[in-house]
Every structure is written in C-alpha cells, then in structure tokens.
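Reviewing the structure listed below.
Here is the naming used below: chain letters follow the sequence lines, and residue numbers restart at 1 for every chain.
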Amino acid sequence: MDILQLIQSNLLTPIILFFLFGIIAARIKSDLKIPEAISEFLPIYLLAAIGLHGGIEMRNTGFENMLIPMLVAIALSLLFTLNHYQILRRLGKFNIFDSYALASTYGAVGAVTFSVGLSFLKNQGVTSEGYLAAILAILEPVAFIMAIFLTNMAVSKQIRQKKQSFTKDDTSDIEIGIQETKTKLSQVLHESVTGKAIVILLGSIVIGYIIGEEGFGSIKIVFDEMFTGAIVIFMIEMGIIAGQRLDDIKKVGVFLTAFAVIMPTFNGVIGVLVATAMGLSLGGSVMFGLLLASASFIAAPAVLRHAIPQANPSLYITSALGITFPYNIIVLLPIMFAISSIVHNG
Amino acid sequence: MDILQLIQSNLLTPIILFFLFGIIAARIKSDLKIPEAISEFLPIYLLAAIGLHGGIEMRNTGFENMLIPMLVAIALSLLFTLNHYQILRRLGKFNIFDSYALASTYGAVGAVTFSVGLSFLKNQGVTSEGYLAAILAILEPVAFIMAIFLTNMAVSKQIRQKKQSFTKDDTSDIEIGIQETKTKLSQVLHESVTGKAIVILLGSIVIGYIIGEEGFGSIKIVFDEMFTGAIVIFMIEMGIIAGQRLDDIKKVGVFLTAFAVIMPTFNGVIGVLVATAMGLSLGGSVMFGLLLASASFIAAPAVLRHAIPQANPSLYITSALGITFPYNIIVLLPIMFAISSIVHNG
Amino acid sequence: MDILQLIQSNLLTPIILFFLFGIIAARIKSDLKIPEAISEFLPIYLLAAIGLHGGIEMRNTGFENMLIPMLVAIALSLLFTLNHYQILRRLGKFNIFDSYALASTYGAVGAVTFSVGLSFLKNQGVTSEGYLAAILAILEPVAFIMAIFLTNMAVSKQIRQKKQSFTKDDTSDIEIGIQETKTKLSQVLHESVTGKAIVILLGSIVIGYIIGEEGFGSIKIVFDEMFTGAIVIFMIEMGIIAGQRLDDIKKVGVFLTAFAVIMPTFNGVIGVLVATAMGLSLGGSVMFGLLLASASFIAAPAVLRHAIPQANPSLYITSALGITFPYNIIVLLPIMFAISSIVHNG
Amino acid sequence: MKLYTIKLLTITCEILAQKNIIEILKKHEITGYTTYEVDGNGARGLRGHGLKTEKNVKVEVIMREEKLQDVVEEISRTLFANFAVVLYVSDVGVVRTEKF
Amino acid sequence: MKLYTIKLLTITCEILAQKNIIEILKKHEITGYTTYEVDGNGARGLRGHGLKTEKNVKVEVIMREEKLQDVVEEISRTLFANFAVVLYVSDVGVVRTEKF
Amino acid sequence: MKLYTIKLLTITCEILAQKNIIEILKKHEITGYTTYEVDGNGARGLRGHGLKTEKNVKVEVIMREEKLQDVVEEISRTLFANFAVVLYVSDVGVVRTEKF
Ligand SMILES: Nc1ncnc2c1ncn2[C@@H]1O[C@H](COP(=O)(O)O)[C@@H](O)[C@H]1O
Ligand SMILES: Nc1ncnc2c1ncn2[C@@H]1O[C@H](COP(=O)(O)O)[C@@H](O)[C@H]1O
Ligand SMILES: Nc1ncnc2c1ncn2[C@@H]1O[C@H](COP(=O)(O)O)[C@@H](O)[C@H]1O
Ligand code: NA
Ligand code: NA
Ligand code: NA
C-alpha cells in the first residue's frame with residue numbers, strides 16, 4: 001500500500017485535474033466561469049443523487065446498525081468543535097466570534113467533499129454504507145447549533161456582567177437583548193434545519209428508501225450514471241473560486257493555515273479508526289473519516305453570517321474552501337484510504 | 001383492477017414523490033429552489049422530447065387516423081370551455097372576466113401534466129398514439145382563442161349598449177374601442193400560436209417525423225433516456241411553487257376548489273370514453289382524457305394577462321397549479337387508467 | 001459521390017434541422033429562447049468535450065505528426081487574414097478598422113462550427129486526427145493578434161505622420177499615444193490567450209491526454225454520449241440568434257454577403273487540399289478545411305470590441321453568424337466532405 | 001462639461017405588463033429605455049418567486065419633461081387598475097440632451 | 001397629473017444582509033420594496049464572484065419622509081459595523097402617494 | 001441622522017465597455033461601484049438578446065462632486081464615439097460621506 005502512489009493515482013482523475021485546472025484558470029485571470037444557475041443547481045443535483053443512492057442502500061441493508069455510528073459521529077463532531085474552539089482561542093488568539101465561527105466550520109461537514117469521496121471510492125471499486133448519507137444530513141447543523149448556542153451564552157454573560165456593574169434601570173433593555181438572542185437561536189435552528197442542503201438530502205434519502213432499486217431504474221441514468229461527469233463540471237467552478245481565494249490565504253495567517261491542514265488530518269484519522277472499531281467497512285470508514293475531516297464552505301457562510309455576524313467571513317470561507325478542501329480531496333482522502341486499508345486488512 | 005392500489009403505485013414513483021417533496025420543502029419554508037434558468041429550460045426540453053417522440057411515432061404509424069381524434073378533441077375543448085363558463089358565471093357568480101379566464105384555463109391543456117402522463121404510461125409498460133403530441137400542440141391555443149373572442153364580444157356589446165343609451169357624439173371613441181379590441185384579438189392569436197410551447201412542440205414533431213428512429217439515435221440519450229430524470233427535477237420546482245400557493249387556496253374559495261377537482265374528473269372521464277369509442281389504444285385513451293382533464297398554468301398567465309387583463313390571475317393560477325395539477329397527476333391519472341383498462345378489456 | 005445528396009443527408013440531421021427551426025422561430029417572432037445560463041454553459045461544455053476527446057486521441061496516436069499541420073495552419077491563417085484585408089479594403093472599400101476586424105474574424109476559427117463538423121463526421125462514421133482540437137485552440141488567437149498588431153501599426157503611422165507635419169511640442173502626447181497602443185496590444189494578447197474558449201480547450205486536451213481512455217470511462221456518458229444532444233440544444237439558440245440577425249444582412253451589403261460565402265469556400269477547399277497533401281485522413285482533411293473556412297463569432301466581438309473599438313461590430317457579427325455559419329454547416333461542410341472523399345480515394 | 005437637467009421615469013411592474021409599457025413609449029415616439037428583472041413586494045403580494053410570469057421588471061426612461069406628463073398619464077390610466085405597477089420620476093443631469 | 005415628492009431609499013448590501021433589511025422594514029410597517037442582485041466593489045473588496053453568498057443585493061424603498069429617519073438610523077446602527085452596506089436617499093415624484 | 005448630499009453617477013453601456021469604465025474609475029482612484037446587467041434599447045438598437053457580448057450593464061458610482069467632472073469628461077471623450085453609452089448624474093443623500 002503505497003500512499004504516494006495512491007495520491008498520484010487520485011491526482012490523475014478527471015475530478016482532481018479539473019479542480020486544479022479551475023485553480024489555474026483563476027490564477028491566469030481567465031474569464032472562464034460556470035454560469036451561476038448551473039453552479040447553484042449542481043450541489044442540489046449532487047445531494048439528490050447522494051441521497052437517493054443512500055436511501056436505496058439503506059433499504060437493501062437496513063438501518064438497524066445506523067444508530068451507533070450516528071451518535072458517535074454527533075458526539076465526535078461536538079467534541080471536535082469544542083476542541084477547535086480552545087485551540088483557536090487559546091493558541092490562535094482569535095476573538096470569541098471568529099473562534100466559534102471557525103470551530104463550527106470545521107466541526108460541520110462538507111457535502112461537496114463527500115461527493116468527491118464517493119467518486120473516489122467508486123474509482124477504487126470500493127463501496128460504503130448507505131446510511132452515511134443520513135449521517136451527513138444530520139451532522140450538517142450539529143456543529144453550527146452548538147457554536148451558535150455557545151456564542152449566545154458568551155454574549156449573554158457579557159451583557160449580564162454589564163448589567164450587574166451598572167444596575168441602572170435599563171434592565172428591560174438587557175432583558176430584550178437576551179430575549180432577542182434566544183429568538184435568534186431558534187431562528188437559526190430553523191434556518192439550519194430547513195437549509196436546502198439538508199432538505200434535499202433527507203428528502204432524497206426518504207424517496208430512495210421508498211422507491212428502492214426498482215423504482216430508481218427510470219432515473220438511474222440522470223441520478224447515477226451522470227454523477228461523476230456532473231462533479232467534474234462543478235469542480236471547475238470550485239477550482240476557480242478556490243483559485244480566486246488563494247491571495248486571501250496570506251491574510252488568513254500562518255496559524256490558521258496550519259490549523260486548516262493539521263486539524264482535518266487529526267479529525268479524519270480519528271474518524272477512520274473509530275469507524276473501523278465500530279465495524280464499518282473499508283470504504284465506510286474512509287467516508288466516516290472524511291465527514292469529520294471536512295469543513296463546511298457552502299452552508300457555513302449562509303448560517304454563520306446571521307448567527308455570528310461579528311465574525312469575519314473571509315477567515316472561515318478562505319480557510320475551508322481555499323486550503324482544507326483541496327488538501328482533503330487531494331492529499332488526505334488517499335491517506336485515509338491507505339490507513340483504512342491497513343486497519344481493515346491487518 | 002384496484003384503483004387504490006394503482007393510486008398507491010402511482011404515488012410511490014420518483015415523479016410524484018419529488019413533487020410531494022417540493023410541496024413539503026415549500027411548507028417548511030426551506031430556501032430550496034431550482035435556479036430559474038434550469039426551470040425555464042426544462043419545459044422546453046420536455047416539449048422537445050415529447051415532440052420528437054411523437055413525430056417519430058407518427059412516421060412509424062402514419063397520421064391518417066389522426067384527423068378525427070383531433071377534430072373531436074377541438075370540439076370537446078370548445079364545448080367544455082363554454083360549459084365551464086356557464087358553471088362559473090351562473091353557479092359560481094364570478095364576473096365575466098374571471099369566468100372566461102377560468103373557463104379557458106380549464107379548456108386548455110397542460111404540457112407538464114402531459115409529460116407526467118407519458119412517464120406514468122412508460123412505467124406501466126403501456127404505449128400511446130404518437131399523434132397525441134400534435135393534438136397537444138393544436139389544443140393549446142384553442143380554448144384561449146375562443147374565450148378571448150367571447151370576452152371581446154361581450155365587451156363590445158357593453159360598449160355598443162352604452163353608445164345607444166347615450167347617442168352622444170363620442171361614436172368615434174367607441175369605434176376606436178372596438179377597433180382596439182379587434183387588433184388585440186389578432187395580436188393575442190399571434191402570441192398564442194408563436195408561444196414557445198407550441199413552437200417547440202410543433203417544430204420537434206416535424207423534426208422527429210423527418211429524422212425518424214434512425215436519425216434519432218445520436219440524440220436518444222439526451223431526448224429519451226434522460227426524460228424521466230428531467231421531469232423529476234422539474235417536479236421539485238413544480239412542487240415548491242404549488243406548495244407556496246397552498247395558502248392562496250383559501251382565497252380561491254370553496255366553489256372554485258370543488259370546480260378544480262370535479263371539472264377535470266368529468267372532462268377526463270368523458271375523454272377516456274370518447275377516445276375508446278374512437279378506437280384509441282388503452283394508453284392513448286388515458287392521454288386523450290388527460291389532455292381534456294388538464295388545466296394550463298404555464299401558458300395561461302402569459303396569454304390571459306394580456307388578453308383579459310381584468311381577470312384576477314391568482315384565481316386561475318392557484319386553482320390550476322395548486323389544486324388541479326396535483327389532483328390530476330396523483331389521483332385522476334390512475335383513475336382514468338383504471339377506467340381505460342376496464343373499457344378496453346371489457 | 002453525389003454532393004447534393006450529401007447536402008440533403010446533412011440537412012436532415014437533428015443538428016441542422018434544429019438550427020433551421022431556431023431561425024424560423026425567430027422569424028415568426030416566437031418568444032422561444034434558451035435561457036442565457038444554458039447557452040453560456042453549452043460552449044464551455046462542448047469545448048471541454050472536444051478537448052478531452054482530442055487529448056485522448058493524441059495519447060493514442062502520439063502528436064509527433066502534429067507540428068507540421070499546426071505550422072501550416074498558422075501560416076495559412078495569417079496568409080488568409082492578409083488576403084481578406086486586401087480584398088475588403090481594396091475591393092470592398094471598407095475603412096481600415098472594419099477591414100482588419102472582418103479580416104481577422106474570417107482568419108480566426110469557430111469552435112461551434114468545429115463541434116458541428118465533428119458531429120457530422122461521427123454521423124458519416126468517419127474519424128479525424130485528435131490533434132486538430134489543439135490546432136483549434138492555437139489558431140483561435142492567431143488571426144486576431146496579427147490584425148490588432150497591424151491596426152496598431154497603421155494607427156501609429158498616422159499619428160507619426162501628423163507629428164512630422166506639425167512638429168509642435170506635443171511630441172510627448174504622441175509618445176504616450178504609441179505607448180498606450182503598445183500596452184493595449186499586450187493586454188489584448190493576454191485577453192485572447194486567457195479567453196475562456198482557449199483555456200477550457202487547452203485544459204481539456206491536457207486532461208484528456210493525462211487520463212486517457214481508461215480515466216475517461218466514468219465521465220464518458222456526460223462528455224461523449226451526450227455531445228450531439230447538447231449541440232442540438234445549442235443549435236436552437238444559434239438559430240434564434242441567426243434568425244434575429246437576418247434583417248441586418250441588408251445593412252451588411254452585397255459585397256460583404258458575397259465575401260461571407262465565397263471566402264470560406266475558397267479557404268476551406270484550399271484547407272482540404274493542403275491537409276490531404278500533408279497526409280491527413282479523409283475526416284481530418286475536412287476538419288482542417290473547416291477550421292480555415294470557419295469565422296469566429298463568439299470570440300470575435302469579445303476581443304475586437306476592445307482591440308479595434310472603431311470597427312462596427314454589427315458588420316463582423318452579422319456576416320459571421322448570420323451568413324457564414326449557416327452556409328458552412330449546411331452547404332460547405334458536405335462539399336468539403338465530398339472533395340476530401342474524392343482526393344482521398346482518387 | 002455642462003450637465004443638462006432632464007427627467008428619469010422609473011416604472012416597476014409585473015413582467016407581463018412590460019410589453020404594454022414599451023408600446024406606450026413607442027406610441028409617444030420614445031425608443032430609448034433600459035429594463036431589468038427585479039423581485040418585489042407590494043399591494044399585490046410578494047413577486048419574483050415561482051413562475052417566470054410572476055417576476056417584476058423595472059423600466060427606466062430618460063426623457064424630456066414635455067412628454068413625461070402624457071406618458072405618465074397613459075400608464076396610470078391604462079395599467080394602474082389591472083396590473084401591479086409602481087412609477088416614480090426623478091431629476092437627473094445628462095451631457096448630451098440631443099440623445100433624448 | 002400632479003407628482004408628489006416622496007423619498008426613495010436605496011440600500012446596496014451583501015445578499016445575506018437582505019433578510020435583516022427586510023425585517024427592519026417590516027418592523028416599521030413598510031411592505032413595499034423592490035430588490036435585485038448586483039455585483040460591486042467597495043471597502044470589503046470585490047463582490048459578486050464565486051459563491052452565491054458573496055453576491056450583493058439592492059433594496060429600493062419608496063417611503064414617506066416620516067419613517068425614513070428611523071429606518072436609516074436602525075440600518076446604520078445594526079448593520080453598518082458587521083455587513084457590507086451602502087445606502088443613499090433621493091427625492092422622487094409619484095402619482096399615488098396613498099400607496100406608500 | 002443627518003444626510004450629506006453627494007453625487008450618484010449612473011452609466012448604462014454595452015457590457016464590453018464595462019472594463020473601460022472600471023479602468024477610468026480606477027484611474028481616478030474610485031474603487032466603490034455597483035454593477036448589474038440590463039437590457040435596453042437606444043440609438044444602437046435593441047440590446048440584451050442573443051450573444052452575451054450584446055448585453056448592457058449599468059455601473060453606479062456614488063462619488064464626490066470634485067471627481068465627477070473629470071470622470072464624466074473622460075468617459076465622454078473616450079467612449080461616446082465607439083460604444084453604446086448613456087450616462088446621467090443625480091443628487092443623493094448619504095450617512096457616511098467618509099466612505100466616498
Ligand atoms: N414602496 C415601494 N418601494 C419600492 N418598490 C415598491 C414599493 N411598492 C411596490 N413596489 C414595487 O412595485 C411592485 C408592484 O407593486 P404593487 O402593485 O403594490 O404590488 C412590487 O412588487 C414592488 O416591486
Ligand atoms: N462608491 C460607491 N458607489 C456605488 N456603490 C458602492 C460604492 N461603494 C460601495 N458600493 C456598493 O456597496 C457594496 C458594499 O460596499 P463596502 O461595504 O464598501 O464593501 C459594494 O460591494 C458595492 O456594491
Ligand atoms: N432614453 C433612454 N432612457 C434610458 N436608457 C436609455 C435611453 N437611451 C438609451 N438607453 C440605454 O443605453 C443603452 C445604449 O444606448 P444607445 O447608445 O443609444 O444605443 C441602451 O441600450 C439603453 O439600455
Ligand atoms: Na468536520
Ligand atoms: Na383541459
Ligand atoms: Na477561418
């Protein structure tokens with residue numbers, strides 16, 4: 001099992017090559033771009049395809065064995081988010097808002113990364129547990145919700161401290177402040193759960209489960225056979241966006257750059273090992289690791305911009321999309337595959 | 001032949017399930033939506049695919065036998081439109097403008113409904129006559145044109161009555177009014193006939209007829225094999241739009257809600273029986289019934305907003321899209337299929 | 001080898017029929033149109049597909065033999081551009097700006113025409129050399145760069161002449177003028193070379209070369225099997241745009257209309273013969289001829305509007321898109337095919 | 001560079017009324033205008049979601065004061081009752097008055 | 001046809017702040033507005049490229065002067081610090097003041 | 001909340017001239033602007049149909065009066081002859097003048 005060889009064979013797939021191509025196109029300032037309507041549609045399509053596939057698999061294999069992996073995934077995601085926060089706040093000296101925003105960005109999951117992972121496995125002729133798509137859907141909001149909850153707690157505490165020091169008659173104002181914070185939390189919760197990614201993913205899982213292999217026949221060409229081709233097109237745009245962000249990496253700083261590479265590696269490897277210990281298959285363990293390694297860059301800004309508006313969005317978007325995403329799909333994915341192969345065959 | 005079982009087996013297809021999913025997504029206020037460019041393109045694609053398929057079929061089977069079904073369809077469409085008008089005006093107490101607008105919305109046909117019908121038959125392993133696509137194209141404007149003509153007649157009459165009661169020297173004004181009305185009619189006629197739905201449908205039928213099965217080979221994957229997958233994607237958006245309209249159903253009132261369910265049932269069942277009597281196949285009779293049962297919700301606003309601007313568009317859009325369309329594809333389609341099966345095997 | 005029959009069999013393909021259909025739709029003022037996002041995306045897709053295919057072919061057959069055809073193509077393109085200029089300026093009495101703009105529009109190549117040519121050959125069961133896609137990419141900017149260079153030379157000369165006749169102290173102004181012209185040239189060069197068409201084409205060729213037949217497997221359905229269907233959809237829009245331009249042809253004048261038909265024929269036939277002499281295959285010679293015959297109508301306005309803003313864009317767009325493009329794909333393509341067949345079998 | 005004061009008429013309306021607006025402009029021999037699709041909310045509810053026919057469009061016309069009265073009057077008379085329309089007028093300065 | 005002077009408030013902001021703006025309007029009982037997506041450049045850099053969340057939106061509100069002060073004040077207070085926002089006010093003439 | 005009067009320059013032009021406009025702005029050290037694609041009709045005929053290169057774009061710039069003259073002059077001089085361009089200037093009120 002030669003990791004370098006695996007990285008190389010992973011590099012030379014259409015998905016990675018078109019991603020790199022997109023980066024180059026952006027760097028040479030080409031006017032190439034995938035029209036917005038297409039690049040907005042593709043994630044919806046990819047999630048529908050993932051969901052249908054996951055649902056059909058779950059019907060075939062049952063989802064009895066799903067509960068434990070899901071709870072473990074949620075627990076790890078929460079744990080990792082707290083861990084990220086400590087590292088960012090203590091070591092990185094980021095302010096409280098940026099720390100929580102970044103912590104949850106890396107605690108959350110990336111649906112695009114997941115798609116690439118599935119294609120990678122397909123290419124290696126390896127399958128994975130269908131219920132992982134459901135875990136993807138459930139993990140999406142978990143880290144955000146916790147980070148937002150903790151941020152609000154911190155802000156309320158600050159306000160309450162101010163209140164005690166002043167003890168003026170502006171009490172009602174502060175009450176309203178806390179009230180507002182609470183409303184916001186429930187709003188953000190609603191927004192996260194009804195966000196398009198989760199909705200289309202869960203919906204497709206349910207539909208896949210209902211229709212099964214047979215009902216899937218008439219739409220298989222669109223939702224299965226075209227999957228990799230569609231990712232390739234999406235990767236061009238992802239590459240372009242990542243390429244445009246490369247300049248911003250300097251602004252992100254050395255600490256966050258290191259964080260954006262080391263943290264996913266740590267989370268991902270633990271994920272692979274834990275999944276193996278829980279009895280997931282070789283491919284399933286890779287995907288489980290990838291879930292934990294991946295950072296969110298499509299859902300993150302949409303949620304965090306409202307929930308923690310004080311945080312600087314270019315920090316979390318740039319590091320997740322410009323550093324972690326390329327690193328994950330090019331380097332870490334084959335590494336996790338190698339590790340999973342060793343622990344599954346050893 | 002168990003209708004309930006058929007409804008159930010129809011409900012559990014990807015098309016219906018994704019439609020219901022779209023409704024749910026809209027109801028929980030998810031931000032999921034299919035980008036406009038995609039949802040504008042899909043009807044064009046669907047009509048091209050329907051047309052090509054119809055044209056190829058017509059080449060295979062000849063269109064000698066097409067004339068009678070077409071004339072009967074036109075006659076029924078006109079008859080039904082008049083019937084709708086009487087019911088809406090007399091029983092429903094709608095004003096003259098709303099009555100004509102609604103009458104023609106239900107007298108016209110729905111191309112999306114037709115697409116779903118074709119997929120339904122495919123799923124049941126049943127074929128239908130290719131020339132029905134041509135009837136779809138020709139029926140599109142028929143009901144509108146009559147309704148607009150009758151509305152203009154009614155308006156002219158009102159103006160002329162005013163003229164007789166006043167006999168002032170504003171005669172020229174009235175003449176101009178009538179003149180304007182006539183210009184408008186020819187304009188609306190041109191608009192209806194050059195509307196994109198009819199144009200792409202007729203064009204594709206002709207092209208399908210010319211190229212035949214053989215010439216179709218190189219584009220079969222796009223225009224045939226991807227058909228159901230494309231409908232599924234379109235159904236998500238249709239579901240979302242229908243879901244957003246559900247609140248408006250209250251405004252539509254009980255009478256129109258009942259009308260939107262009973263009228264299509266009546267028209268559709270008559271359609272199936274008449275088609276069977278004319279010798280159409282089991283599947284062809286279902287599609288013939290569906291043509292008459294369906295209401296127009298894409299073409300209707302585009303045509304009626306100019307032709308009968310006094311009518312309230314939310315009445316005809318909401319009832320056609322929010323009530324009749326779901327009812328037709330979920331409930332009525334399997335009912336008509338059951339009836340057609342009985343009368344064809346009996 | 002019956003040319004008329006070939007034209008006819010070429011006319012009755014979906015590609016040509018949908019193009020004609022688009023023209024008709026525009027002429028009857030139908031509101032049919034392919035949404036912008038789709039018609040912007042399709043050329044990117046087509047070029048990616050052409051590039052991948054070309055790259056894979058080059059890997060299979062090597063590109064040792066590519067150098068000579070490429071140099072010959074560049075030489076012919078430059079020669080033809082100069083020739084066009086003389087004809088337009090001397091015989092056509094066009095001003096210097098319009099002459100250079102038109103000369104380079106016809107000296108450059110048309111990627112859409114190339115796509116149609118590939119489909120035409122596929123239909124005839126004939127293959128062509130993969131490296132022609134690379135020649136397409138390299139030819140794209142050649143004619144523009146020369147025309148822009150010559151235009152700038154001409155403008156500088158005029159300015160210098162003025163300078164000598166005045167010999168005032170506005171020398172520095174003129175220096176700045178020349179300086180500006182030079183900056184502009186390098187800017188235009190950069191723009192041409194980083195233009196999306198060239199970038200996606202070259203990128204896809206390289207990726208195709210790297211992944212080879214094997215790596216292509218997973219995306220073959222999207223980037224190969226759907227190719228003709230995608231062109232068909234694009235042809236509808238091309239037809240609509242060409243149809244909308246038909247009125248402008250009168251403004252273009254008899255001379256340019258004749259030029260737009262005769263010149264491509266001349267260039268194309270020479271291309272076929274030269275290619276045959278260089279040992280290209282039957283299909284390769286047709287494509288080589290088509291490269292030289294085709295005029296640019298997507299890249300041309302984007303480049304020339306900045307490079308030669310004094311030229312009237314409706315001249316070069318209308319003649320290239322409204323006259324030459326239809327002529328090339330309907331009439332000239334089969335003629336060149338017939339000639340190539342004769343010289344290859346004779 | 002002197003700027004001359006002229007009127008800018010802006011009309012926000014449902015997309016299906018755009019044709020009517022353009023026709024009114026043409027009738028008054030106004031051939032210069034700019035249009036773009038917008039979303040909106042107003043007395044006729046949220047617009048811009050769902051079907052294409054439920055979008056809004058903005059039409060902007062730079063024009064001389066002389067014609068303004070008639071155009072505004074005709075739009076008000078023929079469209080206000082049946083269509084979702086909002087219009088407003090503002091003063092702008094232009095370089096080339098002869099264009100309008 | 002008399003025109004009545006009224007205020008037009010135009011807000012250009014990052015698309016994710018649109019919701020906040022609409023809420024502020026709603027809070028002040030303003031339900032009429034027009035929105036459309038735009039690109040832009042400003043203190044927070046080039047916007048409109050890349051992810052959908054990095055687009056800008058323009059919100060235009062025709063409103064009476066009475067409410068203007070409060071709305072502008074609330075937008076300034078709650079959004080200027082954390083979001084990319086630019087706003088400006090102009091005078092326009094309308095036919096039907098009762099609509100606003 | 002006091003509003004300060006400032007200028008809004010609006011340029012409607014063919015999309016291929018956008019680059020030239022932005023360069024002129026940059027030359028005058030103006031980095032704040034908003035752009036969006038529009039359709040239109042004018043002396044150079046109907047625009048916005050067909051090829052992407054035949055669309056129009058609107059560029060809006062809030063700027064101080066000082067620079068306005070020079071920018072308008074340069075656009076007029078370099079672009080009016082060869083490109084489809086319409087520009088106009090209006091007065092608007094802003095909260096933060098230091099932004100412009
Ligand atoms: N106060 C307002 N400010 C800006 N735009 C408005 C306003 N009221 C209505 N509109 C626009 O005009 C359209 C039609 O308005 P209405 O007829 O009131 O539904 C709306 O969809 C909005 O786009
Ligand atoms: N001077 C200006 N003129 C017009 N629009 C501007 C100007 N400055 C900023 N904007 C718009 O407001 C958005 C946010 O501005 P900023 O917060 O400065 O990044 C920009 O992306 C532009 O769309
Ligand atoms: N009177 C006008 N009012 C508003 N926009 C105009 C007017 N005239 C021209 N335009 C816009 O400016 C563009 C270029 O104008 P032109 O150079 O006259 O073709 C047109 O395509 C319109 O978008
Ligand atoms: Na993660
Ligand atoms: Na009907
Ligand atoms: Na050429």
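In this structure, C:I34 CD1 and B:K196 NZ are separated by 9.5 Å, a value rounded to the nearest 0.5 Å. Separation of atoms CG (B:L52) and CG (C:L17) is listed at 10.0 Å; rounding is to 0.5 Å. In this structure, CE in C:M226 is found 11.0 Å from CD in B:E225, a value given to the nearest 0.5 Å.
Listed here is the closest heavy atom pair of B:T194 and C:I28: CG2-O, 3.4 Å. When all heavy atoms of B:V199 and C:F21 are compared, the pair lying nearest together is O-CE1, 3.2 Å. Between C:S30 and B:G195, the closest heavy-atom pair is OG-C, 4.2 Å. Here the closest non-hydrogen pair linking B:I44 and C:P35 is CD1-CD, 4.5 Å. C:L12 and B:I211 get closest at one heavy-atom pair: O-CG2, 3.4 Å. For the pair C:G229 and B:V222, the tightest heavy-atom approach, listed with the atom from each and the gap, is CA-CG2, 3.8 Å.
At a 4.5 Å heavy-atom cutoff, B:I198 makes no contact with chain C through either its backbone or its side chain. Heavy atoms of C:K33 lying under 4.5 Å from chain B belong exclusively to its backbone. Using a 4.5 Å cut-off between heavy atoms, B:F223 contacts chain C through its side chain alone, with no backbone atom that close. When heavy atoms are compared at a cutoff of 4.5 Å, C:F18 approaches chain B by way of both its backbone and its side chain. Proximity to chain B is limited to the side chain of C:I236, based on heavy atoms less than 4.5 angstrom apart.
Contact tally against chain C (heavy-atom pairs below 4.5 Å) for B:I207, B:I219, B:I221: the top residue is B:I207. Ranked by non-hydrogen atom pairs under 4.5 Å with chain C, the options B:Y45, B:F216, B:F41 are led by B:F41. Note on C:T13, C:N123, C:I233: by heavy-atom pairs under 4.5 Å with chain B, the leading option is C:I233. For chain B, the option among C:V232, C:I15, C:L32 with the highest count of heavy-atom pairs below 4.5 Å is C:L32.
Heavy atoms from other residues, nucleotides or ligands lying under 6.0 Å from CD of C:Q8 number 12 at most. The number of heavy-atom neighbours closer than 6.0 Å to CD of B:E64, taken from other residues, nucleotides and ligands shown, is above 12. The environment of OH in C:Y327 is crowded: more than 12 heavy-atom neighbours from other residues, nucleotides or ligands sit within 6.0 Å.
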